[in-house]
Amino acid sequence: MIKDKKRRTARIVALLKKEYPDSGCSLKFKSAHQLLVSTILSAQTTDEAVNKVTPGLFKKYKSIEDFAAADISELEKDIATVGLFRNKAKGIKLTSVELLHRYGGVVPDSLDEIITLPGVGRKTGSVVLGTWFGKAEGIVVDTHVKRISRLLGLTEHTDADKIEQDLMKLVVKTDWIIFTHLIIDHGRAVCIARRPRCDSCVLNRLCPSAERI
DNA sequence: CTCCCGATAT
DNA sequence: ATATCAGGAG
C-alpha cells in the first residue's frame, strides 16, 4: 500500500534527520556559478576530491569570463585530479560561454533552462537549483540515492528518472532537498556501497535489505 | 550501451 | 586488483 510506504518513508526521514542534524551540501562555493562548476566536477567523484581542487581553481579563475576564456588543455590540467577531466573541462568552459551569451552571466533558476547548458544534466541542474535557489522541481538522484532507495524498498527501478518519480510520491515536498543530503550522508558514513554497516544503522528495523542485528 | 578517469578504500 | 565516487553525452 502506498500509504504505508509513505509512513515508512516519513519515519526513515525523521530518523536520518536526528542522525545527521547538520546535513547539507558539502561542496565549497561562493556563487551560483562556482556551485555549478563544483557540481560538474563532482560527477563520479567524491566531494572531498572536488574540494581539494576548487579553492585553487577559483583563485585562478575569478569570474565566469575567466572560465569562458580558459585554455582547455590548461583547464584540464588544473582539474586533472578529479578524474573525467576532459569531459568536465569542456563542460565547464562551454557552460560558462553559454551562460554569458544566452543568460547574461546569470545562472538560470529553472530546471528546463539549466539542463540546456552543456555538461549539465538533470542531477547537476537539480543540485544547483536546490542548493543555491532553494527550489525543488524534483529529487536529486545520485549514486547513493539510487542504491539506498532500492535497498530500503522505496523503489524497484534502476533508472534514475523512474526512481525520482517514485520518491516524489513518497517524500513530502518540503523534504525533497534535505532527503538527498540525508541519504548521501548515510551512504558515506553507514550504508557504504562496498560494505553496509547494518549493525550500526538506525534504519536497521525499517530496512528490508538489512542484515539484522 | 559505451566512454570518459584519477584518488581512495578494501 | 578492483569497486566506487553528489553523471553526462554520443
Side-chain angles (χ1 to χ4, degrees), chain A residues 16 20 22-29 32-57 72-73 75-99 107 111-151 157-164 167 171 175-199:
Chain A
L16 290 178
Y20 311 102
D22 301 318
S23 193
C25 184
S26 51
L27 296 169
K28 296 177 184 173
F29 57 90
H33 180 257
Q34 285 190 356
L35 171 60
L36 185 54
V37 170
S38 301
T39 311
I40 290 173
L41 290 174
S42 72
Q44 294 296 104
T45 306
T46 59
D47 284 8
E48 199 181 332
V50 174
N51 286 334
K52 281 184 184 172
V53 167
T54 46
L57 190 68
I72 282 287
S73 59
L75 183 54
E76 287 175 356
K77 286 174 189 167
D78 293 332
I79 64 171
T81 56
V82 302
L84 303 176
F85 55 86
R86 271 181 272 266
N87 295 341
K88 292 175 184 177
K90 193 196 297 179
I92 289 169
K93 181 179 167 74
L94 292 182
T95 275
S96 300
V97 169
E98 289 281 289
L99 222 43
V107 177
L111 198 51
D112 288 336
E113 290 181 298
I114 202 168
I115 63 175
T116 65
L117 296 168
V120 181
R122 185 176 178 85
K123 182 258 158 186
T124 298
S126 205
V127 166
V128 173
L129 220 66
T131 303
W132 187 261
F133 298 105
K135 283 189 183 179
E137 292 189 25
I139 295 178
V140 175
V141 177
D142 77 319
T143 179
H144 295 289
V145 174
K146 195 169 179 176
R147 180 181 77 258
I148 296 174
S149 296
R150 285 169 56 79
L151 288 172
H157 290 111
T158 53
D159 177 72
D161 291 335
K162 289 182 180 176
I163 293 175
E164 182 177 5
L167 292 176
V171 181
D175 283 335
W176 282 6
I177 293 174
I178 193 67
F179 178 79
T180 298
H181 290 142
L182 291 169
I183 295 290
I184 289 174
D185 281 348
H186 197 56
R188 288 171 177 162
V190 179
C191 194
I192 303 160
R194 280 180 180 267
R195 191 166 76 77
R197 314 293 170 97
C198 297
D199 55 338

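Naming: A, B, ... by sequence-line order, numbering from 1 per chain.
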Exercise for review: Using atom CD of A:Glu48 as one end and atom C1' of B:dA9 as the other, report the distance to the nearest whole Å.
Suggested key: 11 Å
Practice item. Whole angstrom is fine here: how far is it from CD in A:Gln44 over to P in B:dG6? Key: 14 Å
Study note, to complete from the structure: The residue, A:Arg195 or A:Leu84, whose nearest nucleotide of DNA chain B is more 5′ is A:Leu84
Check your understanding: At their closest point, which heavy atom of A:Ser23 faces which heavy atom of A:Asp185, and how far apart are they?
Key -> OG-OD2, 2.7 Å
Exercise for review: Check A:Thr95, A:Val128, A:Val127 against A:Val120 for a side-chain contact (heavy atoms from CB on, under 4.5 Å) and give me the one that passes.
Suggested key: A:Thr95
Practice item. Answer with base, sugar-phosphate or nothing: what part of the nucleic acid does A:Val145 contact at a heavy-atom distance below 4.0 Å? Key: nothing
Check your understanding: Which part of the nucleic acid, if any, lies within contact of A:Ala160, taking any heavy atom under 4.0 Å across all strands shown: a base, the sugar-phosphate backbone alone, or nothing?
Key -> nothing
**Study point:** Gap in Å between the two P atoms, one belonging to B:dC5 and one to C:dG10, rounded
**Key:** 14 Å
Point to revise | Minimum-distance pair of heavy atoms, taken over all atoms of A:Asp78 and A:Val53 | key: O-CG1, 3.6 Å
Practice item. Can you tell me, in whole Å, how much space there is between the C1' of B:dC4 and that of C:dT4? Key: 15 Å
Check your understanding: Nearest to the side chain of A:Asn87 - B:dG6, C:dG8, C:dA6?
Key -> C:dG8
**Study point:** Heavy-atom pair of closest approach, residues A:Val50 and A:Ser38
**Key:** CG1-O, 3.7 Å
Exercise for review: Give A:Lys88 one of three labels, base, sugar-phosphate or nothing, depending on what nucleic acid heavy atoms sit under 4.0 Å from its own.
Suggested key: nothing
Review point. Starting at NZ of A:Lys90 and ending at P of C:dG10, how long is that distance when rounded to a whole Å?
Key: 7 Å
Point to revise | Nearest-Å distance once atom P is located in both C:dA6 and B:dC1 | key: 23 Å
Exercise for review: Assign A:His181 to base, sugar-phosphate, or nothing according to its heavy-atom contacts below 4.0 angstrom with the strands shown.
Suggested key: base
Review point. Hey, which of these two, A:Arg194 or A:Ala43, hits DNA chain C nearer its 5' end, going by closest nucleotide?
Key: A:Arg194
**Study point:** Nearest-nucleotide 5' precedence on DNA chain C, A:Ser42 against A:Leu117
**Key:** A:Ser42
Revision key, fill the gap. When rounded to whole Å, the CD1 to P distance for the pair A:Ile192 and B:dT8 reads 17 Å
Point to revise | A:Glu164 CD to C:dG7 P, straight-line distance once rounded to whole Å | key: 14 Å
Exercise for review: Report which part of the nucleic acid A:Ala49 touches: base, sugar-phosphate, or nothing (heavy-atom distance under 4.0 Å, all strands).
Suggested key: nothing
Practice item. Select one nucleotide: of C:dC5, B:dC4, B:dT10, the one nearest the side-chain heavy atoms of A:Ala193. Key: C:dC5
Check your understanding: On DNA chain B, nearest-nucleotide positions of A:Lys52 versus A:Arg86: which is more 5'?
Key -> A:Arg86
Check your understanding: If you look at every heavy atom in A:Val171 and A:Trp176, which pair is closest and at what distance?
Key -> O-NE1, 2.9 Å
Check your understanding: Backbone N or O of A:Pro118 within a donor-acceptor pair of the A:Lys90 side chain at under 3.5 Å?
Key -> no
Point to revise | Listed nucleotide nearest any side-chain atom of A:Thr180, set C:dC5, C:dA6, B:dG6 | key: C:dA6
Practice item. Please work out if A:Thr39 contacts a base, only the sugar-phosphate, or nothing of the nucleic acid, heavy-atom cut-off 4.0 Å. Key: nothing
Review point. What's the CG-P distance between A:Leu57 and B:dG6, to the nearest Å?
Key: 18 Å
Exercise for review: Report yes if a side-chain nitrogen or oxygen of A:Thr143 is closer than 4.0 Å to either non-bridging phosphate oxygen (OP1 or OP2) of C:dG7; otherwise report no.
Suggested key: no
Review point. How is A:Thr45 classified with respect to the nucleic acid when contacts are heavy atoms under 4.0 Å: base, sugar-phosphate, or nothing?
Key: base
Point to revise | Euclidean distance, atom CG of residue A:Leu111 to atom P of C:dG8 [Å, nearest integer] | key: 11 Å
Practice item. Using atom CG of A:Asp161 as one end and atom C1' of C:dG7 as the other, report the distance to the nearest whole Å. Key: 12 Å
**Study point:** side-chain contact (heavy atoms from CB on, under 4.5 Å) between A:Ile184 and A:Tyr20, worked out
**Key:** CA-CA 10 Å; A:Ile184 289 174; A:Tyr20 311 102; over 6 Å; no
Review point. Under 4.0 Å between a side-chain N/O of A:Arg188 and OP1 or OP2 of C:dC5, yes or no?
Key: no
